[in-house]
Structures are given as structure tokens and as C-alpha cells.
Amino acid sequence: MPDEEVDDAVEAGLPLEAPETPTLEILRHSAAHLMAAAVVELFPGAQYDVGPSIQDGFFYNFQLPDGATFSETDLARIEARMQELVKKRIPFEREVLPREEAGALFAELGQDFKVDIIDRMPDSVDRVGIYRTGDFVDLCRGPHVRDTGKLKATRLLRVAGVYWRGDERNQQLQRIYGTAWFSREELDAYLERLAEAERRDHRRIGRDLDLFSVSEELGGGLVLWHPKGGLIRGLIEDHWREAHRRGGYEQVFSPHIAQRTLWETSKHVDFYAESMYSPMDVDGRPYQLKPMNCPFHILIYKDRLRSYRELPIRLAELGTVYRYERSGVLHGLLRVRGFTQDDAHIFCRPDQIEEEIGRVVDFSMEMFRTFGFDQVSIYLSTKPEKAIGSDEQWRAAEAALERQLRNRGIDVVINPGDGAFYGPKIDMKVHDALGREWQCATVQFDFSQPENFGIEYIGEDGDRHRPVMVHRALLGSMERFFGVLIEHYAGHFPLWLAPVQCVVATVQDDVPAVVELGEGIASRMAAAGLRAEVSAKAGERLGARIRDAKLQRVPYIVVVGAKDVERGDDVVSLEDTRRGTKGEAVAVDELIARLRTEVEEKRPS
RNA sequence: GCCGACGUAGCUCAGUGGUAGAGCAGCCGCCUCGUAAGCGGCAGGCCAAGGGUUCGAAUCCCUUCGUCGGCUCCA
């Protein structure tokens, strides 16, 4: 998220010329000014706050007089006015004013936000830059394009309510988002990208492919996995379990509720209360739906005395947790109130911690590759405001995490203050087919819980020592990962995950020998462990069967008809819907062998 | 939770004050057809819920619930 304050918190600099070849960022920032100019003309008395360029576009925050708000129909009017200003080729003119003069100027214009920004500038600032575009004047560092004529490929996209200075205790402003490009063609390409993202929307595909549902009747943020979605989840989980066994993890299970005292010990009650559901009464004692799995794994660790020889102990669980999320944030599978984390907690000696972190990073990269994610961005989050543990502990842990990443030649982005309350974390975001980043894996160093629960091990020296703990999820949650996977593949799952791997479409549906041939092929495939279905419903043409199978994203379609029955050579016509080949003559046995190989290799697409 | 938009059949959507519609899906027939939709029929709606205005409300107003786009927050 851009720092809204930075872009317009202008300091006086040298006079800037409009660059010969403006960057997209400059173009978009200029487009933001243009939009603000149009808004101020159309909505007298509107105050403007900040308007930076952002990824793919720009926004500007406004406050309309008398608490008025923009509605989406206003966008067309504003855009039309912008177009007029574009035609006039109004120059962007820079001036540098003494600070007091600028303050007086904006005060006179009734632009309180600008006055406020000037007031907040450090004392060292004595001159500030402003830009004029016709009658519109804005506090701004620049640079800008030469004139508004450069801003032809601009489109306003949506309005949003936002909190002043990003703090929800503050008043709400109106924000308009837009996008701007050098050319009409680039703008169209961008809009097409948005349309493609919409076509890939996992909620859309989830319904079309009958994978999952969420419903009002059930309750927001709660997911029903339908048979096909459930099948895919099961396959993902099978792979996950197998990988974890090989990776030295031991699978455990824990209940969905526990006594509230457990959450008091873990300090979740203190630090995580707003995400936890109200306690329920069990025999007069408060119990709590679990928002995290860690305390359970700690209890497993703690159930008996541990030796240094046992460490590291890696306890993994597909643990379903429940967290209160505010109604406005719920979103399909990506943001829900009940979800299953692919969780694990690693208990180890301090001397093992770095190696363990490195292992987890390698392990997750391998896991992502299996699902077709080759590119991953890595973020390191440091101590937040609300945290337990000393600054020294935090700094040491942060350094350990960073060292392991750097050792692997990984570029790390630091997110200051974004860690969990019990320790710093590494977040891994996968890049999908459209280049979008999705938060999946998180690796969190935790030096607090071992203390909270007083867990120990007996060291080589015979004394008791405190283990350290790494909390990690790779896929993140089954729900979110599934949503991301759907969008990444646009529903075209790799063969090993495809709910139906092959449809055997019959040409005729009323010729018993043809239907029998189709059914025979499907059952041979089923016997070989493949998921095949016959499409022979009465009243449909072959074209309709093919179409249905393709809309259902079935990877392979076999066509059989009367001619195949006559020939009797066990060779069928194969269509590979992902590669777009059709009419390939292939023997059924060979087909089965081919698909089995593809499944066994878990070929990612 | 906040700002905006939207809630009409399983799905996608028409319908802006005067008797609720279409396409797809479903069901029933007819056609037996070779690589993305054959043809015909039937059935399907308390127009999100509640309240109001009106002779009359899917349509106008209010409230609630939900969904969507953002904000804040997050796996």
C-alpha cells in the first residue's frame, strides 16, 4: 500500500522541468491532478486531500461539502469534464512559494487538508512546491507531464470511502480510483486484464464447476466444499501429508474447542481477543473456539519430558480455526471465518533454529512448484506495536530470519512492524498466472509461547533448557490456497487435481454398442485409478457433449461412435483441451498409460 | 464496522407506478447426429425481509439482512 502521506508531503526542491519522457508514475500522478481539477469544478467546495499514483493507476481523496458523497454515476460526469480539460492542453505549471505564503494560499482556497499537510512539515522546510493546472492548484512535489493533453488514456474506475490518514478513528473521505496509460491501446490492454481477472474469479469458477459454496443461510465466511472441491482438497491434502512425512514432520490432530484458560496462558486472550469468538459455557467453565493451533501442539510437546536428542520435533496439523472477521472483509474463499491451516510447529534447540528456518523456506518453495507457482516474493515482518518479548529477542530473531533468506540469495522486502505479537515472520507470496501476488506461506519465529507454557527439554548437560518454536503454514489455509489455485489455473487444474480427468463422449446416445464401448473405456480408466465419465445423455449432439466437457475444464475428451464399434481396434479419437489438439488417434491402453504418467508426475499443467 | 453500488426463477439478466419476462440449466417428448449449444413442450418467482406512500408498488420512501467494489484488518 502506498504511503498516502509521502507523495504530497512536499518539500521544497529545485524547480523541476516537465520531463521529456515522463514515467507512468508521473503520468498517473498528473492524471490524479486532472481528476481533482475536474472534481473541484463540478463540486464547488470540494476539498482535496492526497492523490498519489499507485500500481496500475492513481487515486485522489476528497471531502465534499455537507457530508455529500460520490456515487458511481458521478464518475461519468467527472470523466467527461476531464476529457474537456485534456482537449484544452492546459499546462502543469510549477511554482515554489515560501511556506507561509503557500499556507495562506490554501487557507484562502478553503483547502484545509493542504494547510494541515503544510503545518505538519518539519521545521526545516521553508519553501514548498505547488502546481497549477488552469484554476486548479495543488501542493505537489512533481514532476508532472507538460500539459493535460498527454492524459488521453485515462479511465475512472470506482469510488470508495476511506479514512483520513488511513486511521479508522478519523473521518471518512471519498476516494476515486482511476487508471492512466500512455496510449489508448495500453489502457485497453489493462481493462482486458481486469476482465480476465474477473473471468478467473474463483467465486465464479467455483460455482460454474460446482466446487464450493458460501450461503447466507449458512452464515457469511463459512465454506461448504462440494464433492468436486472436496475431491481436489483431498488430493492436495494427500500430497501435503506425504510431503510432510518425507520432510520429517509428524501429523497430529487437535479439537476445535478448548478451555479459555489455555488461551489465557497463550496470551491470545490479551493480544488476539478481537479475532476470537465469545466463549461458550461447558459445565460452568468457559471454553473457546480455537483461533490458532499452536497451544495444542505445545500441550502435545509438554505431555512428557523431552530430551535434546529428540529435537527438532515437528508437529503438523491440518487444523481448522475460527476467527472473527468483520463482515466487510469477507471474500469468497480468500477471506473467511472458518478455515483449515496447513499448520506446523517446530520445537528445536536454539542452535537448530536457523537450519530449521532454512528447511522450511526450501520446503515451501518445493511445495509451491508442485502447484505451478514458480515465482515467490518474500517479506520479512518485524516487531509490531503490540508485542511480547524483549527488543533484544526480536532483533536476534529478525536477524536470524533475514540471514537464512539472504543465504539463499533471496531478495527480501522488509515490512516494519508487521510481525505477529509473539515473533517476527517471513511471509511468502506466490505469483499467479496473471502476475498477481497472493499471501500463502508464513513462517513465524516464536520465542514467547515456549515461555508462556514453560516448555523445556533436558540438554546434553542434564539441565533444563527452553526450546524455541517456529510456527509455519505453507499453503496458508486450504480455503485461501484453493481460491488462489482456481484463479491461477482459471479452473484448468493439472491432471492430477482435475475432478474429472477424461470425458468419454459418445457420438450416438441410442446405439447400445456405442454406449457400451464408452462405458467400457471409462471403467478401464477407472480401474487404472483415473477419473473418467461417460457423456451419453439422450437428446444431446456430440458438439454439446464436447462443449459441456470443455466448459467443465475437463483436460481430455475421448470420442467414440458407431465407426469405432465397427472397426473394433480399440483406438479412439482424443482431444487435449488444454493444448487444443483434437482428433488424435490413440489406443486406449496407451492413453491410460499416458494419463497415469502425467498424474504420477503431478505435472503442474 | 465504515463509504458506495446492487439484491427479480438454480444461473445470467430484462422489466422505473397499472395482471412478473427471456436465455441457459432442469423435466418430458421428437431427432441418432463425428469434435464448443439439434427441435418442441412443461415446470419453475412472497421480485432479499419488514414497514410506509399510493386506488394500485418489483418499480417511490424508511429500516434490517445479504452480496459486490474499496477502506481498516488478515491465512
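Numbers restart at 1 for each chain; the letters A, B, ... are given by sequence-line order, proteins then strands. Small disclaimer: the values here were computed from a predicted structure and weren't measured.
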Proximal nucleotide (of B:A37, B:C68, B:U32) relative to the A:Arg547 side chain: B:A37
For A:Val507, which of A:Asp564, A:Val559, A:Val514 qualifies under side-chain contact (heavy atoms from CB on, under 4.5 Å)? A:Val559
With heavy atoms under 4.0 Å as the rule, sort A:Phe70 into base, sugar-phosphate or nothing. sugar-phosphate
Under 4.0 Å between a side-chain N or O of A:His331 and OP1 or OP2 of B:G69? yes
Report yes if a side-chain nitrogen or oxygen of A:Arg158 is closer than 4.0 Å to either non-bridging phosphate oxygen (OP1 or OP2) of B:C3; otherwise report no. no
Can you tell me which nucleotide in B:G34, B:C68, B:A75 comes closest to the side chain of A:Gln439? B:A75
Given the P atoms of B:C47 and B:C11, what is the spacing between them in whole Å? 16 Å
A:Gln174 has a side chain; which of B:C3, B:C11, B:A75 sits nearest to it? B:C3
Is A:Arg169 atom CZ crowded by more than 12 heavy atoms from other residues, nucleotides or ligands, each under 6.0 Å away? no
What integer number of Å spans the C1' atoms of B:G41 and B:U16? 34 Å
Nucleotide paired to B:G21 in any strand shown, Watson-Crick or G-U, under 3.5 Å: B:C13
With the threshold set at 4.0 Å, does a side-chain nitrogen-carboxylate oxygen contact exist between A:Asp576 and A:Lys582? no
Could you measure between the two C1' atoms, the one in B:G40 and the one in B:C46, and give it in whole Å? 32 Å
Which one, B:C71, B:G69, B:G70, comes nearest to the side chain of A:Ala160? B:G70
Give a yes/no answer on whether the side chain of A:Lys582 brings an N or O atom under 4.0 Å of OP1 or OP2 in B:A36. yes
If you draw a 6.0 Å radius around CD in A:Gln55, do more than 12 non-hydrogen atoms from other residues or ligands fall strictly inside? no
What does A:Ala549 touch in the nucleic acid at a heavy-atom separation under 4.0 angstrom: a base, only the sugar-phosphate, or nothing? nothing
Once you apply a heavy-atom cut-off of 4.0 Å, does A:Asp427 come out as touching a base, just sugar-phosphate, or nothing? nothing
May I ask you to say what A:Leu551 touches in the nucleic acid, namely base, sugar-phosphate or nothing, with a heavy-atom cut-off under 4.0 Å? base
How far, in whole Å, is B:C24 from B:A37 if one measures between their C1' atoms? 10 Å
